[in-house]
J.: 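Structure provided below as structure tokens; questions to follow.
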Protein chains: 4
Amino acid sequence: MTTTDTTPRLRADARRNRDRIISAAQAVFTERGTEVPMEEVARSAGVGVGTLYRRFPDRDSLIRAVAQDAFDTVLEDTRATIAQKPDAWTALSQIMHRGLALRTVVRLTVLSSRARAIINSDPNTEAVNNQFLELVEDLVRRAQADGKLREDISTGDIAVLSGLALQGMQALPEELRTIAPARYIAVLLDGLRAENSRPLPGRPISADEVIIRTPEVEF
Amino acid sequence: MTTTDTTPRLRADARRNRDRIISAAQAVFTERGTEVPMEEVARSAGVGVGTLYRRFPDRDSLIRAVAQDAFDTVLEDTRATIAQKPDAWTALSQIMHRGLALRTVVRLTVLSSRARAIINSDPNTEAVNNQFLELVEDLVRRAQADGKLREDISTGDIAVLSGLALQGMQALPEELRTIAPARYIAVLLDGLRAENSRPLPGRPISADEVIIRTPEVEF
Amino acid sequence: MTTTDTTPRLRADARRNRDRIISAAQAVFTERGTEVPMEEVARSAGVGVGTLYRRFPDRDSLIRAVAQDAFDTVLEDTRATIAQKPDAWTALSQIMHRGLALRTVVRLTVLSSRARAIINSDPNTEAVNNQFLELVEDLVRRAQADGKLREDISTGDIAVLSGLALQGMQALPEELRTIAPARYIAVLLDGLRAENSRPLPGRPISADEVIIRTPEVEF
Amino acid sequence: MTTTDTTPRLRADARRNRDRIISAAQAVFTERGTEVPMEEVARSAGVGVGTLYRRFPDRDSLIRAVAQDAFDTVLEDTRATIAQKPDAWTALSQIMHRGLALRTVVRLTVLSSRARAIINSDPNTEAVNNQFLELVEDLVRRAQADGKLREDISTGDIAVLSGLALQGMQALPEELRTIAPARYIAVLLDGLRAENSRPLPGRPISADEVIIRTPEVEF
DNA sequence: AATGAATGAGCATTCATTCAT
DNA sequence: CATGAATGAATGCTCATTCAT
């Protein structure tokens, strides 16, 4: 787990508790949504509710911490990927194929309007997200310059599309849930290649446009 | 609205109310998930809770009715599309571009595990769904025979992919929410074309495999 | 059914409906208490709720009518019994052994505080009840004068005791429910005979004292 | 209160609350039946509904606990009585004259079919009840051998008869409600004596026959 | 006049959050 | 500090009563 330590000093055991809670919450939120009873989260972290609430005064603050953590991981991964790959298209492909943390982010931002609202109003997470999007933006530009990525597409589109392919797999039986995302990312990538492209309807969606304000949807 | 009239005879006003409730529930479920307070559903249908409950004795039975209705509409639309288009690829494209009812089905089946469980145990809805999948299956085969659709793909894949592109748009600002689905369906279609396709990882997923049994996820 | 016709004129079919409702309500109240859903009562009378409510504007008024009817029957039976039996003790025995209408009265008065409150405030029923108690009072006096009935007992005691033996049989299996009341009435009668008697604790309870004011108990 | 401690360890305050709830529920159930609003029970125990539900997850489990407790007390009382009284008839008399806990049992078993169903399916309570009935059975046999108790009677009859005399007193004004049960128990006992008894109709009812299966009656 | 639909108040139950141990 | 108990507000569902057909 990667945690941007905001709380300066924390005794070792308290720290450990905090981490266990975030891990557990991430798993539980990903599996069953952000509306699970707090007691469930506590139980699955192996602590009492009291402890949970001492660390995170309400559900929102827990969601915020989980999001924070996931965004951090995504950013780190992305940096690591870029550090090794000079080819923009390959880098993009790899990033889109990435796993759990990205999936958490997707769930949190795409599926739960509550999480979205929280994330949108958290400067810390937003900052990390912006850094991530900048990196992707650069890759997009470079991949297009290389003639690999279609022109009528922008960073926001990529963000949304990666999101789609990483979610919604719960409808599949266990066996397929593992292989399906890779398949659909691959289909998408084929659809994103310059060579294949028919002109798209609408207009490119930029990175700035995917940070959202719709607070009503709640699955 | 398309309602398969199961209840033999219903007084005109009762019928009207029933329809209003299903419409309202469809909208509300699509907007805010299947867990909205029943009172909300009632209010948005302009009836009292009592009426809602008289017609649908519990939430499950309402979800079932909404699903039924949505599946019916999807099937009808699909038939109409096929009736006019002899070209399989075009037919598939059009079906994938279709709107609200399909979106409801997707929401209901992909996002809410509760809805999934209900639908899976409703023979009526399942029957309609099967008819729909058969139609698509035929289109897929034909489009592949025509050399339009890539070979390493099957009906289940198409079903999942259409689902993905039709959901998750709530993360976008109002303006884009309208145009985005069409864009992403287009990208997907480009990715699905036979020409230039790279081999996909995994294996084709058949129609039978997307009727699902995982009841834990609940957003 | 014996109904003291208060409502002067009533069309034949309306009259028939009224009677069917009272019969049904008597049965249902006796079986399942005075709190059964009105819809149940209506269904078991074979009419719609609307009709039920047209006849009896609320639950209380239905209970009142049922009580009325039962009291009437009890009074009639008692008169008939007395008319044939000059021996007071035998008359008392027979009255105590009587069946359904008496049982309804007992249920209504002993088990449901609501019914009790209603009956107590209904001059009509009260009048009938008073006539009944006067008859019993006379029998008690005569049976004591004959040396058959113990002296330290009064009409109120008899009323309460008959009530007890006629109720609470629902705890027994079907077969016994039929024979049990007769057995226990017999035991009671043996206990009431002058010859057997040890002095009782407390004091004789008169007829006036069993018309009651406690409105809290509600089974 | 006698509580069979099933839950291993319970914080002092929780334990205290548990006991208060059972006491309150016993009183309230006895006064107003097993259908009182849970909120009433909670209020009368001086706790919030939440606490009530934490301890007893639903109404049935509360009824079960109250029954358990009452049966325990009855059994204890009975043992104590027997321990001091070698004379079977006197022991029986005393047991029949006993008060509140017995009355609760009676209410619960005789008046509420719901309670009956619960008790019948609770092995724990059933066990205690069986022990109780064995003790009474023995007393009945001895009292008959002593020539004190009439021969044409069995344990089940005694159980039913004690039940009758201990209930239904709510029809009486406050003052009499205190003395009445003793009076009627006395009458019954006179009726149960061997001397002067007339043969009873029907047949003796054994202890096994009063554990019942009729779940429809609900007062 | 009879019917059954509509309404909404009432009670059961769950769960976020606070607080005593 | 950690724990789990207590609280009460929110929501599901039922049913008495009213009213349109």
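As the structure is a computational prediction, the values presented were derived from the model and not from experiment. To find a chain, count down the sequence lines: A is the first, B the second, and so on, and within it residues start at 1.
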J.: Between A:Arg16 (CZ) and F:dA2 (P), how many Å, whole number?
T.: 11 Å

J.: Give the minimum heavy-atom separation between C:Gln68 and C:Asn124, together with the two atoms involved.
T.: OE1-OD1, 3.3 Å

J.: When you look for runs of 3 or more Watson-Crick or G-U pairs in a row, both distances below 3.5 Å, which of them include DNA chain E?
T.: E:2-21 with F:2-21

J.: Quick one: closest heavy-atom pair of D:Val28 and D:Val41, and the distance?
T.: CG1-CG2, 4.4 Å

J.: For the pair made of OH in C:Tyr53 and C1' in E:dT7, what is the distance, rounded to whole Å?
T.: 13 Å

J.: Please report, rounded to the nearest Å, how far the P atom of F:dC15 is from the CG atom of C:Asp58.
T.: 18 Å

J.: If you take all heavy atoms of A:Ala24 and A:Ser44, which pair is closest and at what distance?
T.: CB-OG, 3.3 Å

J.: Taking only Lys NZ, Arg NE, NH1 and NH2, and the carboxylate oxygens of Asp or Glu, determine whether A:Arg64 and A:Asp60 approach each other closer than 4.0 Å.
T.: no

J.: One character per nucleotide, please: for nucleotides 6-11 of chain F, 5' to 3', B when the base has a protein heavy atom closer than 4.0 Å, S when only the sugar-phosphate does, - otherwise.
T.: BBB---

J.: Output the rounded distance in Å from CG (B:Asp60) to C1' (F:dG12).
T.: 12 Å

J.: Between E:dT13 atom P and D:Glu40 atom CD, what is the distance in whole Å?
T.: 15 Å

J.: Return the minimal non-hydrogen interatomic distance between C:Asp58 and C:Tyr53, and the atom names on each side.
T.: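 Residues C:Asp58 and C:Tyr53, closest heavy atoms: CA-CE2, 4.2 Å.
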
J.: Mind listing the closest non-hydrogen atom pair of A:Leu62 and A:Met38 along with its distance?
T.: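 Taking every non-hydrogen atom into account, CD2-CE, 4.4 Å.
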
J.: Look at atom CD of D:Glu39 and say whether more than 12 heavy atoms of other residues, nucleotides or ligands are closer to it than 6.0 Å.
T.: no

J.: Nearest-Å distance, CG (A:Leu62) to C1' (E:dA16)?
T.: 13 Å

J.: Decide yes or no for D:Glu35 and C:Glu35: does some side-chain heavy atom of the first lie under 4.5 Å from some side-chain heavy atom of the second?
T.: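 No - every pair of side-chain heavy atoms lies 4.5 Å or more apart.
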
